[in-house]
Amino acid sequence: MDKDRKWGLNTKAIHEGYHTDPATGSLSLPIYQTSTFVFSSAEEGAKRFAGEEAGYVYSRLGNPTVSAFEQKVAALEKAESGLAFASGMAAISAVLLGLLKTGDHILCSKGLYGCTFGLLGLIQERFGITYSLCDMNDETSIVTALQPNTKVIYVETPINPTMQLVDLSMIGKIGKQKKIKTVVDNTFMSPYLQRPIEHGCDIVLHSATKFIGGHGDVVAGIVVGSKEMMETLRMTTQKDIGGILAPFDAYLLVRGLKTLGIRMERHCKNAQKVAEYLAEHSKVSQVYYPGLPSFTQHALAKKQMDGFGGIISFELKGGYEAGVKMMNRVRLCKRAVSLGDVDSLIQHPASMTHSIIPATDREKMGITNGLIRLSVGIEDFDDIVHDLDQALSSA
Ligand SMILES: *Cc1c(COP(=O)(O)O)cnc(C)c1O
């Protein structure tokens with residue numbers, strides 16, 4: 001490793017976390033498919049258990065393949081340290097349960113990933129950790145919504161499905177002033193496009209299932225932050241609840257991350273052109289994409305994001321029926337939930353992810369009957385638009 005030089009993001013994505021296996025010279029990260037690690041002596045075992053000597057003990061407490069992934073994401077997010085989990089939800093639950101106790105309060109951005117919302121309800125009911133939602137449009141709205149027992153501000157930006165943004169510098173500043181931990185779910189952006197720690201936020205987490213892995217072949221989560229906070233989580237909710245990442249999955253994520261930069265650039269380029277195409281389409285009434293100059297928070301997007309991402313939501317004038325018709329007509333775009341894959345993925349929340357929620361409640365969440373979410377892949381742009389065009393002709 002070249003210690004004299006500060007690497008750029010693309011170089012880090014390839015080289016951070018693993019530097020050629022000294023025993024074999026393996027260029028590629030070895031998969032340490034082992035549950036446990038053999039001590040060379042009783043004294044070594046004792047020191048490792050006491051935390052007096054660095055080294056591995058048991059794969060729930062740490063594994064070299066998983067460590068390489070943790071270090072890579074930490075470097076990309078400009079964090080001191082990282083912790084990997086078996087899913088995005090395992091990461092989110094470990095963070096919230098690790099930071100909070102009964103009687104504490106979480107202030108959340110309005111509009112959250114569905115299962116995060118479910119988790120908040122669960123920990124409120126079972127453990128007395130309360131939460132409230134806030135639109136977070138300006139500083140006053142946030143400060144007013146804080147309670148004396150608020151211990152965490154939890155933010156997603158952009159927010160699914162309206163793509164509304166939250167100003168990360170504002171969140172970071174309020175957190176520092178009020179000594180409240182700020183947690184950002186950065187799944188929609190990836191560290192290539194947005195690094196909340198640069199804006200003063202404390203903890204960043206991802207569903208690594210999405211852009212970090214990028215190939216739709218693994219479910220995983222990652223949390224990064226200060227060494228102290230990560231060490232606390234490692235020794236509490238990660239160790240004792242145990243939702244750890246498997247070595248093979250860590251290997252796939254490390255492999256995926258090597259192409260993060262070129263993937264994100266193509267996602268952004270394709271999504272921008274698709275959003276412009278949709279904005280002109282006669283069957284589309286509204287397009288939500290931060291890269292469109294007409295997007296209400298376009299200026300904030302340019303300030304805090306290095307690109308506008310690969311996710312677009314749009315409204316069909318024909319409502320629910322048009323949505324179902326479009327879903328049945330796509331050929332290239334895959335009808336599937338999840339996002340951030342090299343493949344274009346399309347879904348209709350009203351008939352799929354959010355179908356069990358009554359229409360009136362859905363509307364309050366910004367999920368109208370004709371809303372479609374598209375995760376634009378890295379295929380040739382002409383092929384994506386050709387597919388959308390023929391599918392929209394039926395809508
Ligand atoms: C998918 C997703 C999650 C949950 O991650 P899993 O890996 O599916 O557990 C959390 N937050 C956001 C924004 C997501 O898109």
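Along the sequence shown, residues are numbered consecutively beginning with 1. Each ligand, and each atom within it, is numbered from 1 in the order the structure gives.
- Under 4.0 Å is where a charged nitrogen must lie from a carboxylate oxygen, and between Lys210 and Asp341 no such pair does.
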Once you restrict both partners to nitrogen or oxygen, which atoms of ligand 1 have a protein partner under 3.5 Å, and how far apart are they?
| from | atom 1 | to | atom 2 | distance (Å) |
| --- | --- | --- | --- | --- |
| ligand 1 | 5 (O) | Ser207 | OG | 3.0 |
| ligand 1 | 7 (O) | Gly88 | N | 2.9 |
| ligand 1 | 7 (O) | Ser207 | OG | 2.8 |
| ligand 1 | 7 (O) | Thr209 | OG1 | 2.7 |
| ligand 1 | 9 (O) | Gly88 | N | 3.0 |
| ligand 1 | 9 (O) | Met89 | N | 2.9 |
| ligand 1 | 11 (N) | Asp185 | OD2 | 2.7 |
| ligand 1 | 15 (O) | Lys210 | NZ | 2.8 |

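- Using a 30° and 60° split on the angle between ring planes, His281 and Tyr277 fall in the perpendicular class, above 60°.
- Taking the six-membered ring where the residue is Trp, Trp7 and His19 present tilted rings, their angle falling between 30° and 60°.
- Tyr113 and Ser207 are not linked by any side-chain donor-acceptor pair at a separation below 3.5 angstrom, with hydrogens and angles left out of the test.
- Side-chain atoms of Ser169 and His199 include a donor-acceptor pair closer than 3.5 Å.
- The salt bridge (charged side-chain N to carboxylate O under 4.0 Å, His left out) pairs that include a residue from residues 250-268 number zero, where partners must be two or more places apart or lie in different chains.
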